[in-house]
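For reference, the structure is listed below as structure tokens.
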Amino acid sequence: MPVQLLKMMKGQSETPLPSHLQKENLQHLQEGRDYTNKYIQETFIVTGFKVVKLPTAGKDGRHDCHLEVSEEAGSAVYIYTKPGTTAASETASVSVAPKYVYTPLNHLKDGTIVNLYGVVKFFKPPYISKGTDYCSVVTLMDPSNVKLTCSLFSGNLDSLPKIYKVGDIVRFHRIKIREYNGQMQGITSGGFASLTFDGTVGAPIVPRTSSREYTFMDEEQKTIEDLRIWAASNISVSGPAAKLSGVQPMLFFDLTCQLVGKAKVDGSSFLLKVWDGTKCPYPTWKVPVEAKDLEGEKVLLHQLRNLAVDILVYDNHVQLAESLQIGSFLRIYSIHTKQASADNEDVSHIEFHLHGGTCYGRGIGVLPESNPDVKELKAFLESVDLTDSQNMESMCSMDIDSTFGNVTDLELHLQRCQQLSVTVLTDHQDLSNTELKTITNSPAPQQYRIRAKLRTYKPQKLHQSVKLHCSKCNSLQEVPDRDEFDFILHNSATTAPNPELHNASWYESVTWTTQDQKREIAIHFVKRDEMLQHPEDTLLMIEGGTLKEIWKLAKRFKCVIPVRSTEDDLELLDLSAPFLLQGSVKYYGCKKCSTPKPVKNLSSIAAEQQLSWEPTEIAQVLGIELLQYVFIMKFTLVDETGALNAYLFDYEKFFQIPASEILTNNFLQQKMQMTMDTLCPPGRKLGDLPWLECFIRSYNVRDAMKNQVYYQIFDTTVAEDVV
DNA sequence: TTAGGTTTTG
């Protein structure tokens, strides 16, 4: 900003102003007007400026210095106005557009306050923290491929970034960078401000902000466009968004909807009644509440009784849910759709839960009416004929007719399944079918081909079907939970790594102590030909690690084996803990059948020509009897003649999903749930269930009291177009 | 201060 000094003589300027300049009055100033040839004559006060010497000093008759002002440097301009000339307060403060510098995420330094741009990779919509403020956690990425997780706090909900989707783009000003657990972390500092933009390529660039005043330069438009293009191929969008018509017992999904009713249920849960104009194809649960507790337009609630669904929100979400306005538009993140059936019910129903906690971004966001998704939803809701939806009542939702107006893909899929078998045989195709009654009347053991319907199955909670099986002693056990692993790790961390065992001929060791000085960690990288390998090929052993650390290492390295030091060797931990981790899969050994051998046997595998680090081979050299993940389910099969319970014992073949991966992979869980919903669609009459072709074998189980015949499914797989 | 991303089992 050039500064020229005008010498005043008796109230007149000695050097006159250029004649093309016209005086403008403060009270007539308007946003967006061109003031190139206008001036205002007032007394200014400028603070917080920087004096910069001009390169052209002395040549053009101007003062040889600039005064540079910027918001970032805390500059402010004060203008004294004369009474009566302006309606504004006596002192007006004008922000001056500063030039901001934006730091790429790979150049962040501990202890600095910076401005930055980023694409939202993950976010938790604002929720009430345990302290005094709202909190929103946001993870950003930029083309440097570095991630930054920010904890943003504010007592004012409005001043937190208005992020609605993964892929949104944010601009943060004055965010403080700190190092936490070896990584950079962002945290709100004084003067934090943010803008949020839709991340869709080609969408209008309209910043979402609560600040009345903000700067946005033309060149920033380009930054947004560039980030959008980068994000399109580098950021995967968030989990499946769904309409109510498309819900599956899919475990978790985000729903954009309108709130039509709400009610207090008890201290730890709260009911939200919402709709999105589509109809859920399954019977949905209704949470019983007292009529007096239900807030909402009674007539509308009645009209929407077949379209609105009940969502029960728990714990920390209750307070926010209570404050929601009826009629507002919401995006509810990570709703759990749970299929439930009571033993006395013929059909199962779907329940919608928003569980407590905020992991995976679980929470409730209020969307403004300007949001494009809301605009679209509103238009759709207005087009829904509520008389029609009432008529649908006569078409019982438990008996969906194929003439039902809105035939979803699922319906078409199910129609196909009613004609063809949803399972196929992988062998013995020449056998002919046997009726179930004949089978139950025949002695075991025998093998049969059957054509039957899946009446029901157990467990309904599919994750409970995964067990660990020892093929040596034929025992089955539950998959240990993470608390057990955590406990074992905790105990083993009390023994410090033995320095004498570091850097053996076949591994290289790295050790350090945690910041609190409480824990010593040692990692031993197994070498090959005395060389370290790429991380993705490396097996490492770790002492003193936590669950989280081990989990992270297992993502990065090929194999992780938790160990502890003894006086003269490294040894495996208790076999209730996984002896090996690969990616997200934890491998366990049978306590009864394993005889652990020295870990140095691993060096024999490292010396092999084709190094692959196969779990079976690792188990073998370590003397571990490897437990295999298996699905165990009970299918109740029926045909025109009778019914029988057959067990499914499947490592991978039936579902074409490895049982070892299901517990840690949401996508596979959803896939399995969808498969089961095709085999046994919830809410269907028996006549509408699809056929299954299976092989079953009968076998005897004798105990002291009696002999019982059991049935097991074998050589059968789910049809290719079902999975 | 709060949270510090990694799903409940009601």
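Throughout, a chain's letter reflects where its sequence line sits, starting with A, and its residues are numbered from 1.
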Once you round it to whole Å, what is the distance between P of B:dA3 and CZ of A:Arg178?
13 Å
From C-beta outward on A:Cys135, which listed nucleotide comes closest to its side chain: B:dT1, B:dT6, B:dA3?
B:dA3
Please name all residues satisfying salt bridge (charged side-chain N to carboxylate O under 4.0 Å, His left out) with A:Glu520, sequence neighbours left out, ordered by chain then number.
none
Among B:dG10, B:dT9, B:dA3, the one nearest any side-chain atom of A:His463 is B:dT9
Remember a base hit wins even if backbone is also touched, and classify A:Asp315 as base, sugar-phosphate or nothing at under 4.0 Å, heavy atoms.
base
Can you measure A:Arg482 atom CZ to B:dT6 atom C1' for me and round it to whole angstrom units?
7 Å
Considering only residues two or more places apart or on different chains, which pairs with a residue in residues 131-147 of chain A satisfy side chain to side chain donor-acceptor pair (under 3.5 Å)?
A:Thr139-A:Thr149, A:Asp142-A:Ser144
Which of B:dA3, B:dT8, B:dT6 is nearest the side chain of A:His336? It is B:dT8
Please report, rounded to the nearest Å, how far the C1' atom of B:dG10 is from the NE2 atom of A:His349.
13 Å
State which of B:dT9, B:dT1, B:dG4 makes the closest approach to the side chain of A:Tyr180.
B:dG4
From CG of A:Leu152 over to P of B:dG5, roughly how many Å is that when rounded to an integer?
13 Å
A:His353 NE2 to B:dT8 P, in whole Å, measures 13 Å
B:dG10, OP1 or OP2 - any side-chain N/O from A:Lys338 closer than 4.0 Å?
yes
Looking at every strand, decide which applies to A:Lys130 at a 4.0 Å heavy-atom threshold: base, sugar-phosphate, or nothing.
sugar-phosphate
Do any pairs count as a ring-ring contact (aromatic ring centres under 6.0 Å, His included) and have a residue in residues 150-186 of chain A, sequence neighbours left out, and if so which ones?
A:Tyr100-A:His173, A:Tyr102-A:His173, A:Phe172-A:Phe192
Output yes when at least one side-chain N/O atom of A:Lys147 is less than 4.0 Å from OP1 or OP2 of B:dG5, else no.
no
Would you classify A:Gly356 as touching base, sugar-phosphate or nothing, given that sugar-phosphate means primed atoms plus P, OP1 and OP2, and contacts are heavy atoms under 4.0 Å?
base
A:Phe197 versus A:Asp168: any side-chain heavy-atom pair under 4.5 Å?
no
Please work out if A:Ser269 contacts a base, only the sugar-phosphate, or nothing of the nucleic acid, heavy-atom cut-off 4.0 Å.
nothing
Return the nearest nucleotide to the side chain of A:Gln185; candidates are B:dT1, B:dA3, B:dT6.
B:dA3
Decide yes or no, distance alone: a donor-acceptor N/O pair under 3.5 angstrom between the base of B:dG5 and the side-chain of A:Thr139.
yes
Can you check the distance between B:dT8 and B:dG4, where both ends of the measurement are the P atom (answer in whole Å)?
14 Å
Taking CG from A:Asn181 and P from B:dT6, how many angstroms apart are they, rounded to a whole number?
12 Å
Residues of residues 121-129 of chain A with any non-hydrogen atom less than 4.0 angstrom from an atom of DNA chain B: list those, numerically ordered, please.
A:Phe122, A:Lys124, A:Tyr127, A:Ser129
Between C1' of B:dT9 and CG of A:Leu354, the distance in whole Å:
15 Å
Do A:Ser154 and A:Asn156 get their side chains close enough for a donor-acceptor pair, meaning under 3.5 Å?
no
Do A:Phe649 and A:Tyr651 have ring centres separated by under 6.0 Å?
yes
What pairs with A:Asp315 under salt bridge (charged side-chain N to carboxylate O under 4.0 Å, His left out), at least two apart in sequence or on another chain?
none
Starting the side chain at C-beta, find the nucleotide from B:dT6, B:dT8, B:dG4 nearest to A:Phe252.
B:dT8
Under the ring pair (Phe, Tyr, Trp, His ring centres under 6.0 Å) criterion, do A:Phe631 and A:Phe655 qualify, and how do the steps go?
CA-CA 9 Å; A:Phe631 294 114; A:Phe655 289 111; 5.2 Å; yes
Between B:dA3 atom C1' and A:Ile175 atom CD1, what is the distance in whole Å?
13 Å
Tell me whether A:Tyr360 is stacked on the nucleobase of B:dT6, counting only the six-membered base ring and applying the 5.5 Å and 30° thresholds.
no
Which nucleotide, B:dT8, B:dA3, B:dG5, lies nearest any side-chain atom of A:Lys548?
B:dG5
Not counting sequence neighbours, which residues clear side-chain contact (heavy atoms from CB on, under 4.5 Å) with A:Glu484? List them please.
A:Pro480, A:Asp481, A:Ser576
